[in-house]
There are 2 protein chains.
Amino acid sequence: MNEIGKLRAADAARPRAETRIQREKQEVILAAALDVFAQHGFRGATIDQIAEAAGMSKPNLLYYFARKEDIHKQLLARLLTTWLAPLHELNAAGDPISELRSYIRKKLEMARDFPRESRLFANEMLQGAPHAIDVLEGELKALVDDKAGVLLRWMDEGRLNRTDPYHLIFSIWATTQHYADFDVQVRAVLGPERGGEGRFEDAARYLEHLFMDGLRPKAR
Amino acid sequence: MNEIGKLRAADAARPRAETRIQREKQEVILAAALDVFAQHGFRGATIDQIAEAAGMSKPNLLYYFARKEDIHKQLLARLLTTWLAPLHELNAAGDPISELRSYIRKKLEMARDFPRESRLFANEMLQGAPHAIDVLEGELKALVDDKAGVLLRWMDEGRLNRTDPYHLIFSIWATTQHYADFDVQVRAVLGPERGGEGRFEDAARYLEHLFMDGLRPKAR
DNA sequence: CTAACGTTTTTCCAACTGGTCAAATTTCCC
DNA sequence: GGGAAATTTGACCAGTTGGAAAAACGTTAG
């Protein structure tokens, strides 16, 4: 009888050397699970669904991930690191306006290129972050605290309008992720003509304008 | 044997006169279902869960709503009308800046006062709007087309900075609903001190500033 | 080539799922 | 207070769910 599966589950701290097949199949499973979890949430997704999307039988899938939760956990862990990367790159030594512009652009590109990851995260938030609350209160909060400090310094120096740095970051998250999470709505409202691929460029132009200058015409 | 349940399911066009108990229990069920659907999505929610939250047995609940989908449908239908009301109220004859300010405020209040409704809607969007796509492409698109026209006229008159009116509306939706849908994240990042009830006032102040004036300091 | 290990399939299970049905109980109107 | 209608309950069902076990099949290093 094989022990690898159980070892990996019980003893993740000392992972066994992985075979080629293990690496490949695990990727296939995670890719399939991303689709299913992103659309139906954790409870709404079934192992059968994931297995079928991954092109294998349920017991075969369970050979690689002993339980459904393990797949979800790993997906979430991967996501969170790549998700936070753009904010990490916000450079205190750079120019405030172009740093923010760049951050907004990167986040919008992530919404465009990794919409399933965004929806997976959104699902986790809607459920009250049962699997991610620790990261939110720990790593994420620390990072945002740090960057909020940077923003605040920029504001003190008069290089950015004075406002709430936390809510500023929230508003960037909200506006960019909206294009992944509410994609159906965006497409439906824009209609067939404007709802095509160009919508991300339109969004980028609009968001830049909004965040830089707002909507009120300058008095003259 | 009783027929009301089946009649109501089969012949919703000509509803029977409702008894007091029917009205009351249906409300209790819908309130309970709102909680459960908002947290777990349609597939992730179970009738047992809803029944328990409503304080009744499953067969008893099924006496009032013959199928799970019926509860969800009704919840969604109610939601959509109240959800669109604030945008309806955007008045073409008013002052652009105060109209927008007022719209943003109302949407933020809805996120604060009806977070479960917001999450129910978000869940539906994440799943690709299987039950709401018609409304999105019909009623909602028509309304947004109309109001986008108003915004465009305001821009033509120089009373609003020229920008994309559709994405403007999206950004208002995104930034306000964020405080309902991503509430856990907002609280976690703000921490115990700043994450209390005051967060909505802070958000209101910030969003007003963002939408009105943006972040770039005025050249002087 | 073959034995050990890795992988896949088949079979199975207990718990849960949405939903039915008839009997028991309660409510309401006369 | 009695009877009809409305409501609630308990027992039940077929299909699905997450998961276990072990046998059958592949792969690969010596």
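Proteins get letters first, then strands, A, B, ... in listed order; numbering begins at 1 in each.
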A.B. asks: Check every strand shown and say whether K58(A) touches a base, only sugar-phosphate, or nothing at a heavy-atom separation below 4.0 Å.
C.D. replies: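 The residue K58(A) makes base contact.
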
A.B. asks: Which nucleotide sits closest to the side chain of P59(B): dT9(D), dG19(C), dT7(D)?
C.D. replies: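 Between dT9(D), dG19(C), dT7(D), the one nearest the side chain of P59(B) would be dT9(D).
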
A.B. asks: Out of dT8(D), dG19(D), dT7(C), which nucleotide sits closest to the side chain of K25(B)?
C.D. replies: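 Out of dT8(D), dG19(D), dT7(C), the nucleotide with an atom closest to K25(B)'s side chain is dT8(D).
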
A.B. asks: In this structure, how many angstroms lie between the C1' atom of dG6(C) and the CE atom of M56(A), rounded?
C.D. replies: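 Rounding to the nearest Å, CE of M56(A) and C1' of dG6(C) are 14 Å apart.
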
A.B. asks: Hey, is CD on E137(B) packed in by over 12 heavy atoms from elsewhere, all under 6.0 Å?
C.D. replies: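 Yes.
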
A.B. asks: Rounding to 10°, can you tell me the angle the first-five-pair axis of the helix from dC1(C)-dG30(D) to dC30(C)-dG1(D) makes with its last-five-pair axis?
C.D. replies: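 That helix gives 20° between its end axes.
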
A.B. asks: Look at the aromatic rings of W173(A) and F170(A) and report parallel, tilted or perpendicular, splitting at 30° and 60°.
C.D. replies: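 Rings of W173(A) and F170(A): tilted, as their planes differ by 30° to 60°.
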
A.B. asks: What residues from residues 44-52 of chain A pass a heavy-atom cutoff of under 4.0 Å to DNA chain D?
C.D. replies: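 Going residue by residue through residues 44-52 of chain A, the ones with a heavy atom under 4.0 Å of DNA chain D turn out to be A45(A), T46(A), I47(A), D48(A).
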
A.B. asks: Output the rounded distance in Å from CD (E69(B)) to P (dG19(C)).
C.D. replies: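 One finds 9 Å between P of dG19(C) and CD of E69(B), rounded.
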
A.B. asks: Could you write out each protein N or O paired with an N or O of nucleotides 25-29 of chain C at a distance under 3.5 Å?
C.D. replies:
unit_1: dC28(C); atom_1: OP1; unit_2: R20(B); atom_2: NH2; d: 2.6

A.B. asks: Going by the angle between their ring planes, with limits at 30° and 60°, are F121(A) and F182(B) parallel, tilted or perpendicular?
C.D. replies: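 F121(A) and F182(B): tilted rings.
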
A.B. asks: Counting only pairs under 3.5 Å, give me each side-chain donor-acceptor contact of residues 80-88 of chain A, with atom names and distances, residues two or more places apart or in other chains.
C.D. replies:
unit_1: T81(A); atom_1: OG1; unit_2: R78(A); atom_2: O; d: 2.8
unit_1: T82(A); atom_1: OG1; unit_2: L79(A); atom_2: O; d: 2.9

A.B. asks: For D183(A), enumerate each residue passing the side chain to side chain donor-acceptor pair (under 3.5 Å) test, keeping only those at least two apart in sequence or located in another chain.
C.D. replies: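 Side chain to side chain donor-acceptor pair (under 3.5 Å) check on D183(A) returns R187(A), R199(A).
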
A.B. asks: Where the side chain of R67(A) is defined as all heavy atoms beyond and including C-beta, which of dG6(C), dT9(D), dG19(D) is the nearest nucleotide?
C.D. replies: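 Per side-chain heavy atoms of R67(A), the pick is dG19(D).
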
A.B. asks: Could you check which of dT9(C), dT17(D), dG19(D) has an atom nearest any side-chain atom of R43(B)?
C.D. replies: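 For the R43(B) side chain, the nearest candidate turns out to be dT17(D).
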
A.B. asks: Whole-Å distance between dT17(D) C1' and I71(A) CD1?
C.D. replies: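 Checked: the CD1 to C1' distance equals 14 Å.
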
A.B. asks: Compare the minimum distances between each of dG6(C), dT8(D), dG18(C) and the side chain of K68(B), then state the nucleotide with the smallest one.
C.D. replies: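 Among dG6(C), dT8(D), dG18(C), the one nearest the side chain of K68(B) is dG18(C).
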
A.B. asks: Salt bridge (charged side-chain N to carboxylate O under 4.0 Å, His left out) with E109(A): which residues, sequence neighbours excluded?
C.D. replies: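 Listed in chain order: R105(A).
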
